[in-house]
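One structure below.
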Amino acid sequence: MFETLDDVRKDAQTRLAGAMEDRRSPMHTPVVATADADARVMVLRHFTPWTLRFHTDTRAPKVAVIARNPQIGVLFYDKAEKVQIRVRGQARVESEGAVAQSAWEASDNFARRCYLGDGPGTLAAEPSSGLPEAFEGVEPSDAELAPARANFAVLLVEIHQLDWFHLAHDGHRRAVFDLATGAAQWVTP
């Protein structure tokens, strides 16, 4: 099925592009791990070869971690297809500028309301979404969302290394790519 490194590179690119567009794709919600080995599931919002975009809150602890050490890893897995894609790269968080503003504008008001509430990791006395009570299950107006924009940012991951792995009963396949240099190599699984 995957006989050349070029086939594998194209497969990885196609899968990541599809994951961005298809909410049902198992690769739509990869695991993102920061340099402190803290991992979380995030929604892939955009992919262009070879940059990933996620949305985040400027108050999230990962923002400070990335500011200190931008090394990041992202794990995608499609169980049905038995394909795993691991990437490593450099992360940056942008809360201002054209990319962040465009991402904010492309989001609907239900998604934007997440940035109205308490910052991620805020302690609560009882189960809580962190949202102000007035916005639980309610779509805020554009005017009500104005303060939320200051808490919104994009997390951009420039992929430097890609490790593609296909599980198959007739023989696993694995390839690694150094996207900075263009080097590619088959490796044993």
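What you see is a predicted model; the values in this text were computed from it and never measured.
- Judged purely by atom type and a 3.5 angstrom limit, D178 has no side-chain atom pairing as donor or acceptor with the backbone of A183.
- Closest non-hydrogen pair, G117 versus P132, comes out as CA-CD, 3.9 Å.
- With hydrogens and angles left out, the side-chain atoms of T4 and D6 include no donor and acceptor closer than 3.5 Å.
- Taking a 6.0 Å sphere around CZ of R88, one finds it holds 12 or fewer heavy atoms contributed by other residues, nucleotides or ligands.
- Two residues are said to be in side-chain contact when any heavy atoms from C-beta on lie closer than 4.5 Å; E139 and L145 fail this criterion.
- Separating the CZ atom in R45 from the CZ atom in R53 is a distance of 8.5 Å, to the nearest 0.5 Å.
- In this structure a side-chain-to-backbone donor-acceptor pair under 3.5 Å is present from R112 to W104.
- Between atom CD of residue E158 and atom CG of residue L52 there is a gap of 10.5 Å, rounded to the nearest 0.5 Å.
- The side chain to side chain contact (heavy atoms under 4.5 Å, CB included) test with V154 is passed by exactly one of H55, R92, H46: H55.
- With a 6.0 Å radius and a threshold of 12 heavy atoms from other residues, nucleotides or ligands, E105 has its CD atom above the threshold.
- Residues A175 and F177 share a closest heavy-atom pair of CB-CE1, 3.9 Å.
- Between W164 and F2, the gap from one ring centroid to the other is short of 6.0 Å.
- Between D38 and V65, the closest side-chain pair of non-hydrogen atoms is not below 4.5 Å.
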Report, one line per pair, each donor and acceptor closer than 3.5 Å where one atom sits in a side chain of residues 118-126; sequence neighbours left out.
from : atom 1 : to   : atom 2 : distance (Å)
T122 : OG1    : G119 : N      : 3.4
T122 : OG1    : G119 : O      : 2.6

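- In this structure, R113 contributes its side chain and F135 its backbone to a donor-acceptor pair below 3.5 Å.
- In this model, no donor atom of one side chain and acceptor atom of the other lie less than 3.5 Å apart for R86 and Q161.
- When all heavy atoms are compared, the tightest approach of W186 to R174 is CE3-O, 3.3 Å.
- Counting only heavy atoms from C-beta outward, the side chains of L44 and F54 approach each other to under 4.5 Å.
- When hydrophobic clusters are built by joining Ile, Leu, Val, Met, Phe, Trp and Tyr residues whose side-chain heavy atoms come closer than 4.5 Å, directly or via intermediates, V31 is not grouped with I85.
- Rounding to the nearest 0.5 Å gives a distance of 8.0 Å between OG1 of T56 and CZ of R40.
- Between V83 and M27, the closest side-chain pair of non-hydrogen atoms falls below 4.5 Å.
- Within the 4.5 Å cutoff, the side chain of F47 has no heavy atoms near those of the E21 side chain.
- A 4.5 Å side-chain heavy-atom check between K82 and H172 finds every atom pair outside the cut-off.
- Note that CG of L162 and CG of L16 are 7.0 Å apart. Values are rounded to the nearest 0.5 Å.
- At least one side-chain heavy atom of E94 sits less than 4.5 Å from a side-chain heavy atom of L156.
- For the pair L155 and I72, the minimum side-chain heavy-atom distance is below 4.5 Å.
- The distance from the CG atom of D142 to the CZ atom of R149 is 13.5 Å, given to the nearest 0.5 Å.
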